[in-house]
Amino acid sequence: MSRRTRILSHITLILVSVIMLTPIYWVVKTSISGENLFTYPPSIVPHDPNLFYYVQAWYTVDFVRLFTNSLAIAVLVVVVNLVLNAMAGYALTKHFPGKGMVLGFLLASMMIPFHATIIPAYLLTAKLGLLNSKLGIALPFFSHIVCIFLFKSNFEAIPSSLVQAARLDGLSELRILTRIMLPLSRPAVATNIILSFIWSWNDFLWPLIVVRSPDQETMPLGLVSFLASFEDTTGALYAFCVLVVLPSMLVFLLAQKDFIRGLTTGATKG
Amino acid sequence: MDTPSRHADDRKTAVVAQRMKKPFLSRKTRHLAFVWMLLLPALLVYFAYRAVPLAWNVVLSFSFWAPGKPIRFAGLYQYQELAFYDGIFWEVLKNTAIFMLVIPISIMLALALALLVDQKITGRNIYRTIIFLPYPMMVVAVGIVWRWLYNDNVGLINYALRSMGLISRPIAFLESYDFALAAVIAAAVWQILGFFMIIILTGLQNIPPHLYEAARIDGARAHHRFWRITLPLLRPSLFLCVILGVIASFTSFDLIYTMTNGGPGHATDLLITYIYKAAFTLSRFDYAAAMTVVMFVLFLALALLTNRLAGGDAGKVDISD
Amino acid sequence: MATVEFSSLVKKYGPLEVVHSIDLAIRDGEFVVLVGPSGCGKSTCLRMLAGLEEISGGKILIDGQIVNEIEPRDRNIAMVFQDYALYPHMSVYENMAFSLQYRGFNKKEIKTRVAAAATTLGLTDLLDRRPKQLSGGQRQRVAMGRAIVRDPQVFLFDEPLSNLDAKLRGSMRIEIKKLHRRLGVTTVYVTHDQVEAMTLADRVVVMNNGRIEQVGTPEQVYHHPETLFVASFIGSPTMNLVPAEHDGTLLRLNDGSVLIRQPENKAAQPGAKMFGVRPEDVTVAEGPPPEGHSEVEVVVDVIEALGADTLVFATVAGSPFAARVPPATRLQPGASARLRFPNDKTHLFDADTGKALA
Amino acid sequence: MRNHWVWNRFTITFGMIALAIVAWNIYVSFNDGGRIVGKVVDAMGQPVAGAQVVFWRQTVTSLEKVAETRTDAEGHYRFHNNGQYALVLTARIANAQSARHTVPLWFRNQNVQIAPIVVE
């Protein structure tokens, strides 16, 4: 690569990075200074940064309740996802009569966006008596087909001789999954955790429909009602935004290496 | 067995024979039972929250029904209303189609960025992380942030445009019929760009380098290599992006809800937000169901179309993702 | 230790039958090598014996008991895989101890057994390493160690040396042989390498196209191949095989020249035959042929000097014909030459059935 | 291998966060008496006795009075159980009064020592 293309690449990437980061920077800056809400022109660097907007956000909404609700649902979703997807993915590495049908059904289900089913899903959840409950919010997200296939292709990338050796070593099929397959598929596990966590944590429409009382509200619902009652004229709103975004960011940043590797391993084995 | 220690061998055999117990069910049956036991929970979820709702939706769309009322057959009534009496529906449909510009825009940008980041340049991991960073952010928060960036009095975008001398008076992007949809599209691109870039990047990294080396020896120039090797081999990744993009554009509820709530008028209402309003604010579940069926049919048609364009390998791609 | 028996063993993949009704009895403590080209069904047989493949028909007996329905883990067998199949996320010690943990051994017993196996194989210093940190030969040893600690009834080897370089392969071959002599466990070994088969086996089972061609000691298989396939598969360079016509008294080549006047002890019917002689039984003719010897006129194509001896590749009546001769040979490529062989070292096969004619 | 599962960046990060939360809560539990103490001084820096100090609460739209007290001979004043996470204080004597004194707190009911309020 020539020097010129390298420099051009850097310039382009830096420019894009600035565009990507500016909104994030702007929120963080406002959340620690409360500037730019009323005044014009805006200041680029925060004056007198402090954390008191976070204190305000914390006490203005019942932050602990929102957070624990969201976290409980996300943890439930992530754990169940890992179990169900790994199990289904492992089953799909095997040959059995009806496999084609199962694959067809899963691919067809993948073609149905969840949003296209919200009305009956809502009615069904009501029939199950799960409206306004954490289980009701979590249930539709208990498995992600993308992640099933991710596990499937990761498992298939593991040499079959390892599985056979384990079988001869005396492991039951279930133990092969837990002791051999899963430890060797850490990237797939990481990808699954990230995706199911982000999707559960950030989901808004479904809780909006299912949740009826404030004590079951999740973070995005809390954020929207905060916005409704305080408008966007206080630094606390942006402090709240930061707090809301932080957990999924953190999970992503921690697991991003495995996350990308998980996707790659999946894609190598077509 | 003609070894001298025959006696000892016999004893050992007995022990072994005892340990090699024959199980109750045949191996085939046990294998099958095990596989279905693994599959069942996941399949149940999809059955309950995909297959059943889809059928239910179709039934609802041919009925008159509201919560607490008996269900009556309506024939094509709901669809007739959609097609002939609800002008907003057509506007919403148009908006949804325009909103799909998110897909080509972000895929092209993502492809360019992926190619840049795929080079061996210092800091590429940092660039990659930064560009992906918006994706994990909560869409509701993203909506709030962008709403404020677009603000006509104190918004950063207006400030930037004004200080660059591009506009003389501030524009109220989200209150303008001309700009609102474009503004929402820009925010959507900003968020999903990094996700597409990662998908394309993994596709790029799976292209064996010796293909490029061979092409280079064969005398192919850089742009030949891109059109003849990179792009064809990226087709599965690009197809995946399109499908995910189509899903995202049909389901971009959160962003619209927080940024404009469909306004001004219905200038930024998408199918999904309109369905939500019909069902959960007007309680017209039957009508909303009919719209959902339309949305699903459109989605399916688009998915099949892209699959056709991608060379008819949908199954393969979906498995490889 | 145990006997192993295949009885009318069949393997089908859908409509495709890959193993056609095989019968084989392996004695207690015997070292049997299944050898054949790739796709001949040898690995499939081994994997059916291990329980890794379903048996489509017939039975497998271990120690007199039918094991068709018994899970691999309950068959009390150990297997060494071609790619070693070491668990990459476990240390050498954990790899070796792994199966014992699932067989109800206590920690102390596991420790003793692993230590003993490690000493036997010279792995004691490597117990804390991960498989990634080992060389190919060391991994191979760990794979064997993992099999040994189990103290199984039957040892299975699935091309265990094919990932090693030639030199290491030679020394590992010797170690496997030693190990078998010491432990005396019934062993079934699959390879496509005839050298391994000849050097390791008590008995060699030559397989082709899902059938057993011949079972016998290495000597039997080498000196008395029962079929054309065995003759062509065993030995390097392979046996010279030339189409010939038998008219009752004379064996003629395609070009009409007489190959052997009196085919000895070969009370064969007249007809199309395949004539065979091993390159090492062929010499360069000098003077008149002695009693019981025959000669052919060949055109020399290539001469390969290997040091200890020289390989002469020639053509006779359109068929390739090789000879392994002493290094000091005057033959020149392109020239014609007379090659000689003793009649009692020749083989004759039916051209249609491929069966040896004795 | 065991250690690998215990000591990875996930457990360390989340462990640190948990630890920080615990530490913070311990600190809070020792400092949440809700005591507000301060001093009122005049423009010369002399303590003002008998000044009326009012403790307000900021709501979305307005200020609500929570409590009031008078300074002692040394100019000191004191409130208990403030129950607030942000304070607004004003002080006044006969003909002079202070600017609005806004003090954000780190947590509800925090014990604070407030910088002298100047009346002029």
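In this text, all values refer to a predicted model and were calculated from it rather than measured experimentally. Protein chains get the first letters and strands the later ones, always in sequence-line order, with residue 1 at the start of each.
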If you apply the rule side chain to side chain donor-acceptor pair (under 3.5 Å), what do you find for N85(A) with S143(A), and how did you get there? CA-CA 6 Å; N85(A) 296 344; S143(A) 173; 2.8 Å; yes
Begin from the C-alpha positions of S70(A) and W201(A) and carry the test side chain to side chain donor-acceptor pair (under 3.5 Å) through to its verdict. CA-CA 6 Å; S70(A) 259; W201(A) 184 265; 5.8 Å; no
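With respect to chain D, the highest number of heavy-atom pairs below 4.5 Å among W58(A), F52(A), Y54(A) belongs to F52(A).
Ring pair Y90(A)/F155(A) is perpendicular by interplanar angle, where above 60° counts as perpendicular and below 30° as parallel.
For F14(D), the part sitting under 4.5 Å from any heavy atom of chain A is the side chain, from C-beta outward, and nothing else. With a 4.5 Å cut-off on non-hydrogen atoms, I17(D) touches chain A through its side chain but not through its backbone.
Counted by atom type alone, R92(D) and Q52(D) present one or more donor-acceptor pairs between their side chains at under 3.5 Å.
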